[in-house]
Amino acid sequence: METDNIFKIIHNRRSIRKFTEKEITEEVLKKILTAGQRAPFAFQGWSVVYTRKREKMNLKIGVYPSTKVLMIFLMDLNIIGKIITQRGYDYDAEDAYILWLAIQDATLAAENVILAAEAMGMGSVLLGAAPKRYEELRKVFKLPPRVFPIVGLCLGYPDPEALMDIRPRYPLEYMAFEDEYKDPTDDEIKECMNAMDEGYITQGYYIKNKAKIPLDEKFGEDQYNYDRYSWSEHISRKLIHGIRGPLILEELKKAGFKL
Ligand SMILES: Cc1cc2nc3c(=O)[nH]c(=O)nc-3n(C[C@H](O)[C@H](O)[C@H](O)COP(=O)(O)O)c2cc1C
């Protein structure tokens, strides 16, 4: 029974970008955050700041307006650094590797919160721009040195009128390899693209959301109208236009990491 339940929750989950007016109670919030804590950890290299205050959600990370609680998952070398100091030692590890672990600690905790929220009838969407807005988040949430945003999470109860479809994924055989990695052929890459593109076009996702990314003119004329514009074109456009905003490595250095 329990197993059925977790699979139902996982397979029914989709990102939710519109929420009802229903508030998330303190008790429910604590319950999903405690579930976050139960995730595996390397050294509990994470923490989370959350807010219900509209004015604190006024950030340049794309917070959806109906969000009831905004969480920012953080990688946190502040707490562990203090523990090491209290034990009378000096921290002396490779920050890049420790951050690598901390990112995983934070992300695993976030996924536990996401699934726990689903199990309690809530929905959520992650916000990937959080690390790009370090300065803003540092000020708003008073982050100390050696604490850095990994990802934002908008939470609330899903608006049934705005429920998105379940999104496709690549065929499993191109992502999960037994015994050895199998580098995809051109035809296999096409199959991956088709699985995604056909799924998104059928769902009409980009048309509904008017979510086309304009193509920089250096790439020539935009050949894609909404009939043909789909995931593989969209994700490519996200990654061909160069780096926008502050460089993460520079932001990490500002936060006191030695990289
Ligand atoms: C690291 C990360 C960052 C994301 N950032 C955003 C974001 O800024 N805005 C947004 O609307 N969705 C964001 N998403 C949600 C993805 O668009 C979504 O998970 C993906 O399209 C698959 O859809 P699904 O979650 O409905 O299965 C993000 C997801 C991840 C894992």
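In listed order, ligands and their atoms are each counted from 1. In this text the structure is predicted, and so the values were computed from the model without any measurement.
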- Query: Considering only the protein, which heavy-atom contact is closest to atom 14 (N) of ligand 1, and what is its distance?
  - Reply: Leu126 O, 3.4 Å
- Query: Has Arg146 got its NZ or CZ under 6.0 Å from the middle of the six-membered ring of Tyr91, at an angle within 45 degrees of the ring axis?
  - Reply: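 Yes - Arg146 lies over the ring of Tyr91, closer than 6.0 Å to its centre and within 45° of its axis.
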- Message: Given the ring of Tyr226, does Lys212 sit roughly above its face, with NZ or CZ under 6.0 Å from the centre of the six-membered ring and within 45° of the axis?
- Response: yes
- Query: Does the separation of the ring centres of Tyr170 and Tyr174 fall below 6.0 angstrom?
  - Reply: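 No.
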- Would you please indicate if the ring centroids of Tyr206 and Tyr200 are separated by under 6.0 Å? yes
Heavy atom under 4.0 Å from ligand 1: found in [X]'s side chain, backbone, both, or neither?
X      : answer
Arg167 : side chain
Met164 : neither
Val125 : side chain
Arg169 : side chain

Would you check whether [X] has a nitrogen or oxygen atom less than 3.5 angstrom from a nitrogen or oxygen atom of ligand 1?
X      : result
Ala129 : no
Arg13  : yes
Ile61  : no

- Message: Could you check whether Lys31 pairs with Glu26 (Lys NZ or Arg NE/NH1/NH2 to Asp/Glu carboxylate O, under 4.0 Å)?
- Response: no
- Query: Do Arg237 and Glu233 sit within salt-bridge range, that is, some charged N less than 4.0 Å from a carboxylate O?
  - Reply: yes
- Item | Exam field: side chain His234 to backbone Tyr229, donor-acceptor pair closer than 3.5 Å |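 The answer is no, because no donor-acceptor pair under 3.5 Å joins these two groups.
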- Message: Which of the numbered atoms in ligand 1 are under 4.0 angstrom from any heavy atom belonging to Tyr64?
- Response: 9 (N), 10 (C), 11 (O)
